[in-house]
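Everything numeric in this text was worked out from a predicted model, so none of it was measured.
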Amino acid sequence: IFSKPANLPIRLTLSHQNVFTEYEVPIADQFVKMLDAFANVSQDSQLRQHSRKTALDHQRLLSQVASHAKKSPIIVRI
């Protein structure tokens, strides 16, 4: 199990064509958030439908990133 020190900020740095963009990631217990989302979706059909759409949107976005990365590598530093 990987764990970072509590005082270490979480940020993602994306680089594309020597342009670096840094994103701060809010502190959260991702495991608890995942379980909470699953519990909510499992009890509500509208949330399930929205969750499916969101998952398909994410899949499409990741496919576009992968396709673009084949043409021009994207460096992600964590």
Checklist entry - What are the two closest heavy atoms between Glu24 and Ile10, and how far apart are they? => result OE1-O, 3.5 Å
Checklist entry - Does Phe31 sit in a hydrophobic cluster with other residues, and if so which ones, taking ILVMFWY side chains as linked at heavy-atom separations under 4.5 Å, directly or through other members? => result Met34, Leu35
Item to check | Under the side-chain hydrogen bond (donor to acceptor under 3.5 Å, both in side chains) test, residues paired with Asp29 that sit two or more places apart | outcome: none
Item to check | Point-to-point distance, once rounded to the nearest 0.5 Å, from CD of Gln59 to CG of Leu61 | outcome: 11.0 Å
Checklist outcome for this item: The side chain to side chain contact (heavy atoms under 4.5 Å, CB included) partners of Thr54 (sequence neighbours excluded) come to His50, His58
Item to check | Partner set under side chain to side chain contact (heavy atoms under 4.5 Å, CB included) for Asp44, not counting sequence neighbours | outcome: Gln46, Leu47
Item to check | side chain to side chain contact (heavy atoms under 4.5 Å, CB included) against Asn18, all qualifying residues, sequence neighbours excluded | outcome: none
Checklist entry - Who are the side-chain hydrogen bond (donor to acceptor under 3.5 Å, both in side chains) partners of Gln43, not counting sequence neighbours? => result none
Checklist outcome for this item: Here the salt bridge (Lys or Arg N to Asp or Glu O under 4.0 Å) pairs for residues 45-57, sequence neighbours left out, are Lys53-Asp57, Asp57-Arg60
Item to check | Co-members of the apolar cluster containing Leu62 [side chain, <4.5 Å] | outcome: none
Next on the checklist: Run the side-chain contact (heavy atoms from CB on, under 4.5 Å) test on Tyr23 and Thr21 for me, step by step, so that the C-alpha distance in whole Å, both residues' side-chain angles and the decisive distance to 0.1 Å come before the verdict.
Outcome noted: CA-CA 7 Å; Tyr23 299 92; Thr21 306; 3.4 Å; yes
Item to check | Listed partners of Lys33 passing salt bridge (Lys or Arg N to Asp or Glu O under 4.0 Å), at least two apart | outcome: none
